[in-house]
There are 4 protein chains.
Amino acid sequence: MTHPPTPPGRFPTPPPPRKRDAQSTREKLVRAALDLFTSQGYHETTTPQIARRAGIAEGTIYRHFSSKEQLLNEIYRAAARLFIQSIKDTSPTAPCRERLETIAKSWRTIAHYNPNAARLVFQSQIKPLLDPRSRETENELKSEIEKIIAAGKASGQVRVGSAETWAAVWLRVIALMLERTADKTWPPDQPASQNAIDAAWLAIAANQTTASAAPTTPPPP
Amino acid sequence: MTHPPTPPGRFPTPPPPRKRDAQSTREKLVRAALDLFTSQGYHETTTPQIARRAGIAEGTIYRHFSSKEQLLNEIYRAAARLFIQSIKDTSPTAPCRERLETIAKSWRTIAHYNPNAARLVFQSQIKPLLDPRSRETENELKSEIEKIIAAGKASGQVRVGSAETWAAVWLRVIALMLERTADKTWPPDQPASQNAIDAAWLAIAANQTTASAAPTTPPPP
Amino acid sequence: MTHPPTPPGRFPTPPPPRKRDAQSTREKLVRAALDLFTSQGYHETTTPQIARRAGIAEGTIYRHFSSKEQLLNEIYRAAARLFIQSIKDTSPTAPCRERLETIAKSWRTIAHYNPNAARLVFQSQIKPLLDPRSRETENELKSEIEKIIAAGKASGQVRVGSAETWAAVWLRVIALMLERTADKTWPPDQPASQNAIDAAWLAIAANQTTASAAPTTPPPP
Amino acid sequence: MTHPPTPPGRFPTPPPPRKRDAQSTREKLVRAALDLFTSQGYHETTTPQIARRAGIAEGTIYRHFSSKEQLLNEIYRAAARLFIQSIKDTSPTAPCRERLETIAKSWRTIAHYNPNAARLVFQSQIKPLLDPRSRETENELKSEIEKIIAAGKASGQVRVGSAETWAAVWLRVIALMLERTADKTWPPDQPASQNAIDAAWLAIAANQTTASAAPTTPPPP
DNA sequence: TATGAATGAGTTTTCATTCAT
DNA sequence: TATGAATGAAAACTCATTCAT
């Protein structure tokens with residue numbers, strides 16, 4: 001019962017299409033910055049590089065973004081929104097596992113077609129550079145997943161434990177899958193990818209023999 | 001059957017120079033750099049900051065390390081070695097799950113007493129800054145886990161799928177647990193921590209009903 | 001039969017960028033650096049000093065030259081080319097002595113109007129800082145003189161001995177004349193200057209009584 | 001009528017032989033600094049390098065010299081004194097040419113056995129670093145030669161022109177010979193060396209046909 | 001006298017940002 | 001809106017010199 005993966009739209013969806021060309025400049029800028037930030041890292045990328053790759057003048061960056069950091073945050077949020085939208089596109093009434101799997105697969109499609117967006121959101125060595133608004137967006141993504149998992153817990157599909165924990169666990173495993181998809185290590189139709197999606201679920205699913213290998217003892221002071 | 005968690009030794013054990021103050025200076029330096037790198041990030045940390053926090057002069061950094069980058073790498077390797085040693089301290093004949101659990105718990109102890117070492121190795125937004133030697137060390141850690149998992153697979157305890165994949169999955173979930181331990185969100189003796197350790201195992205364990213929610217279809221071109 | 005000394009053109013002729021101020025900035029920079037390098041020495045000159053004297057910001061230096069060393073080399077080559085051009089402007093068919101004298105005098109004119117260029121090329125405590133391209137230029141100058149002297153030797157005007165040696169000797173004496181001209185100790189129209197030019201020729205000319213005062217004996221071990 | 005070249009004594013002759021070891025340290029220091037300054041240049045040589053090569057501790061330099069610059073000047077003067085002494089060792093009554101030739105040959109012997117001393121005094125890219133005392137020593141050397149040449153002029157052996165000029169000319173050519181001797185390009189018993197000595201004399205000797213190739217005209221303003 | 005770790009002022013260089021055009 | 005030369009604050013790093021031992 002797959003959602004036929006639909007190729008995700010252009011990224012990032014630029015807010016208000018004003019002049020044809022103005023928008024195009026901003027778009028070129030965003031694309032160039034996204035490429036460079038995700039391939040080289042934020043600090044390793046200079047504004048002259050961005051401008052050169054975008055084919056515009058250095059000063060022009062500041063007609064569209066107030067700073068390099070704001071440019072990063074704007075791109076981050078646009079990318080994160082892509083993934084949040086995927087969540088919202090799933091049926092709220094579907095069973096937990098199915099819904100998570102649908103999300104995972106549509107994220108995978110995004111990562112396949114827009115690897116840099118995936119890298120920015122999930123691989124991100126950029127956490128310390130995010131501004132409050134971006135952190136909010138980041139939290140929104142996490143809490144959407146958390147809500148789904150909380151629902152699954154309520155209906156006994158997810159193991160006991162905090163929904164926050166399971167959301168974090170699930171996201172970590174899915175992040176791995178997305179990174180491997182983004183860097184073309186795992187083609188989307190190969191088993192490794194599906195294995196990871198399954199693993200993410202099994203990590204948090206109920207009804208498994210979970211007898212701990214050993215009881216936990218607190219470490220001494 | 002826990003290892004009684006022993007408070008891990010001083011970090012990082014500096015190699016040979018055992019003179020009065022020399023060691024102390026290097027130690028102060030390492031501690032300051034570790035603190036700042038893990039809390040602010042590498043690029044956000046300046047050499048004046050490191051010196052100030054260590055209570056030494058800026059130039060003194062360069063009597064002990066040839067560059068800021070070398071300082072980072074030296075610290076990274078010392079930290080990674082801590083975790084690698086934990087692996088080697090476990091019995092190679094123990095069942096896979098038990099062995100992984102023992103490792104996870106001793107890593108948790110390290111993260112509890114030495115949170116920054118854990119952050120540097122597992123949270124790390126610093127991957128692009130590691131030099132070849134450090135990457136080797138990183139790989140050593142990964143491959144030790146991989147070997148354990150490969151053995152578990154051979155004896156049917158780990159699910160079908162590449163050992164590399166399962167090692168990566170397991171490490172991601174354990175990394176989450178270590179981060180939460182390091183930032184004191186999850187006290188080591190609370191269930192959240194154990195839940196995550198269990199989840200890491202369940203993600204890769206055999207003998208579970210893994211019927212996929214839906215067959216995978218490749219994304220359209 | 002003198003060449004009427006023509007005041008040499010602006011120095012250094014910067015290659016292509018012909019925009020309003022860009023050229024002027026580069027020119028100011030080159031002039032300031034040339035002044036300071038030749039009066040204080042390269043190492044004694046700091047980039048803040050250069051910028052201050054050029055009336056520009058320190059960072060601006062690096063929009064025009066990739067390093068302080070490249071700045072030096074660029075200036076050096078521009079200066080050396082001035083002197084090389086003078087050689088090429090002389091008639092290849094003129095007798096050796098006449099040709100060398102013409103060169104010496106046109107060099108003197110350069111040294112008079114552009115003393116720093118002469119200092120950079122002939123006084124130069126900067127040899128160890130020259131890059132390969134600059135050394136090539138330096139060699140070009142030397143070998144042009146050497147060719148003239150070799151021709152003079154072939155026609156019996158120059159004494160027996162290697163042309164390389166005589167070129168080096170001639171250049172040393174002319175260098176003295178140029179330094180004295182550059183620092184206005186010897187006005188170009190005074191006899192001291194002409195005496196030095198004559199001396200340079202007599203040092204290498206044929207047909208003189210050269211009976212050595214004493215035979216050479218090798219030094220003891 | 002050559003002076004049989006006597007191998008010059010140890011350099012530099014250290015002033016007051018106090019303790020055996022104290023002196024030896026100073027000597028090691030001077031030797032190391034001389035080597036490094038002449039091979040790498042003053043600025044390219046660091047005090048740690050000097051100390052390392054001398055086999056002493058960094059701080060020890062400052063027990064013997066108040067600064068790196070003073071060390072240079074001390075060495076320079078010791079080296080220059082070597083050459084000045086050679087002048088004083090010649091007979092004041094010998095004919096000008098003979099005396100100059102004797103000096104040149106004994107300098108050549110010094111350059112052969114103590115190339116670095118010759119480099120420091122004659123090649124010297126270090127002029128801007130000399131202190132007043134060193135400049136005095138430098139002038140002493142020049143004026144000793146000048147006196148000899150003035151005497152030669154008085155007796156008609158040297159051409160018309162200022163003795164200062166002829167001293168400078170002679171020294172330039174001899175400097176070339178010394179550099180080539182120091183770097184072993186010209187073995188002392190080969191003709192190139194003698195040719196240069198002859199050239200130095202011919203450059204300034206009287207009784208030659210010196211008809212200028214062309215009369216000098218002053219450059220235009 | 002000798003040591004050598006520590007110092008800190010000073011160096012070159014980078015680069016996000018500004019602003020006159 | 002776009003340009004790109006210029007800016008200057010701040011970065012990493014150097015090294016002659018000091019000083020407690």
Side-chain angles (χ1 to χ4, degrees), chain A residues 18-19 21-22 25-26 43-52 55-71, chain B residues 17 19-26 29 43-51 54-71, chain C residues 17 19-26 29 43 45-51 54-71, chain D residues 18-19 21-22 25-26 29 43-52 55-71:
Chain A
R18 276 159 296 194
K19 274 194 206 161
D21 249 356
T25 294
R26 190 193 159 100
H43 283 105
E44 287 72 18
T45 300
T46 66
T47 46
Q49 279 180 322
I50 298 171
R52 209 175 317 125
I56 60 166
E58 247 183 288
T60 305
I61 294 172
Y62 295 87
R63 309 231 138 254
H64 295 274
F65 301 94
S66 67
S67 72
K68 186 185 166 192
E69 212 166 324
Q70 201 223 355
L71 171 55
Chain B
K19 271 195 190 166
R20 287 159 320 180
D21 251 355
Q23 180 182 20
S24 163
T25 295
R26 193 193 157 101
L29 196 45
H43 283 108
E44 287 71 19
T45 300
T46 67
T47 47
Q49 279 179 326
I50 297 172
I56 60 167
E58 213 183 329
T60 303
I61 295 172
Y62 296 89
R63 298 201 126 263
H64 294 273
F65 301 94
S66 66
S67 70
K68 189 185 160 192
E69 212 166 323
Q70 199 223 355
L71 170 55
Chain C
K19 273 199 187 162
R20 288 157 318 178
D21 251 354
Q23 181 182 18
S24 163
T25 294
R26 192 194 158 102
L29 196 44
H43 282 109
T45 301
T46 66
T47 47
Q49 280 179 326
I50 298 172
I56 60 166
E58 215 183 327
T60 303
I61 295 172
Y62 295 89
R63 296 202 127 264
H64 294 273
F65 301 94
S66 66
S67 70
K68 187 184 160 191
E69 212 165 323
Q70 201 224 352
L71 170 55
Chain D
R18 275 158 296 193
K19 275 192 207 162
D21 249 356
T25 294
R26 192 193 157 99
L29 200 43
H43 283 106
E44 287 71 18
T45 300
T46 66
T47 46
Q49 278 180 322
I50 298 171
R52 209 175 316 125
I56 60 166
E58 246 183 288
T60 304
I61 295 172
Y62 295 87
R63 310 230 137 253
H64 296 273
F65 301 94
S66 67
S67 71
K68 187 185 165 191
E69 213 165 322
Q70 201 224 355
L71 171 55

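Keep in mind that what you see is a predicted model, and the values were worked out from it rather than measured. Chain letters run A, B, ... following the sequence lines, proteins first, then strands; residues in each count from 1.
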Short side-chain N/O contact from [X] to OP1 or OP2 of [N], under 4.0 Å:
X       : N      : answer
D:Thr60 : E:dA2  : no
D:His64 : E:dT1  : no
B:Tyr62 : F:dT14 : no
C:Thr25 : F:dA6  : yes

- Query: What is the nucleic acid contact for C:Thr45, judged by heavy atoms within less than 4.0 Å: base, sugar-phosphate only, or nothing?
  - Reply: sugar-phosphate
- Message: Classify C:Thr46 by what it touches in the nucleic acid, base, sugar-phosphate, or nothing, heavy-atom distance under 4.0 Å.
- Response: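 Sugar-phosphate, no base atom in range.
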- Task: Give, for atom OG1 of D:Thr46 and atom CZ of D:Arg52, the distance between the pair rounded to the nearest 0.5 Å.
- Result: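 D:Thr46 OG1 to D:Arg52 CZ: 6.5 Å, rounded to 0.5 Å.
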- Message: Measuring from atom CZ of A:Arg26 to atom CG of A:Leu71, what distance do you get when rounded to the nearest 0.5 angstrom?
- Response: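 One finds 8.5 Å between CZ of A:Arg26 and CG of A:Leu71.
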- Message: With side-chain contact (heavy atoms from CB on, under 4.5 Å) as the criterion, how do A:Glu44 and A:Gln49 come out once you've worked through the C-alpha distance, each side chain's angles and the decisive distance to 0.1 Å?
- Response: CA-CA 10 Å; A:Glu44 287 72 18; A:Gln49 279 180 322; over 6 Å; no
Rounded to whole angstroms, how far apart are [atom1] on [X] and [atom2] on [N]?
X       : N      : atom1 : atom2 : value
D:Glu44 : F:dC15 : CD    : P     : 10 Å
A:Glu58 : E:dT18 : CD    : C1'   : 11 Å
D:Ile50 : F:dT17 : CD1   : P     : 10 Å
D:Ile61 : F:dC15 : CD1   : C1'   : 11 Å
C:Gln49 : E:dG10 : CD    : C1'   : 12 Å
B:Ile56 : F:dT18 : CD1   : P     : 21 Å
D:Glu69 : F:dC15 : CD    : P     : 16 Å
D:Phe65 : E:dA2  : CZ    : C1'   : 15 Å

- Message: Can you work out whether A:Thr47 or B:Ala57 has the more 5'-proximal nearest nucleotide on DNA chain E?
- Response: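 This one resolves to B:Ala57.
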- Query: Taking a pair as Watson-Crick or G-U wobble with both distances under 3.5 Å, which nucleotide is matched to F:dA20?
  - Reply: E:dT3
- Closest-nucleotide ordering on DNA chain F, the 5'-leading residue of C:Arg63 and B:His43: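 Closest to the 5' end, via its nearest nucleotide, is C:Arg63.
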- Item | First of B:Lys68 and C:Gly59 reached from the 5' end of DNA chain F, by closest nucleotide | C:Gly59
- Task: Look at the side chain of A:Lys68 and the backbone N and O of A:Thr45, then say whether any donor-acceptor pair between them is shorter than 3.5 Å.
- Result: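 Yes, the answer is positive, given that a donor and an acceptor are paired below the 3.5 Å cut-off.
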- Task: Go through the steps to decide whether A:Glu58 and C:Arg63 satisfy the test salt bridge (Lys or Arg N to Asp or Glu O under 4.0 Å), and finish with yes or no.
- Result: CA-CA 14 Å; A:Glu58 247 183 288; C:Arg63 296 202 127 264; 3.7 Å; yes
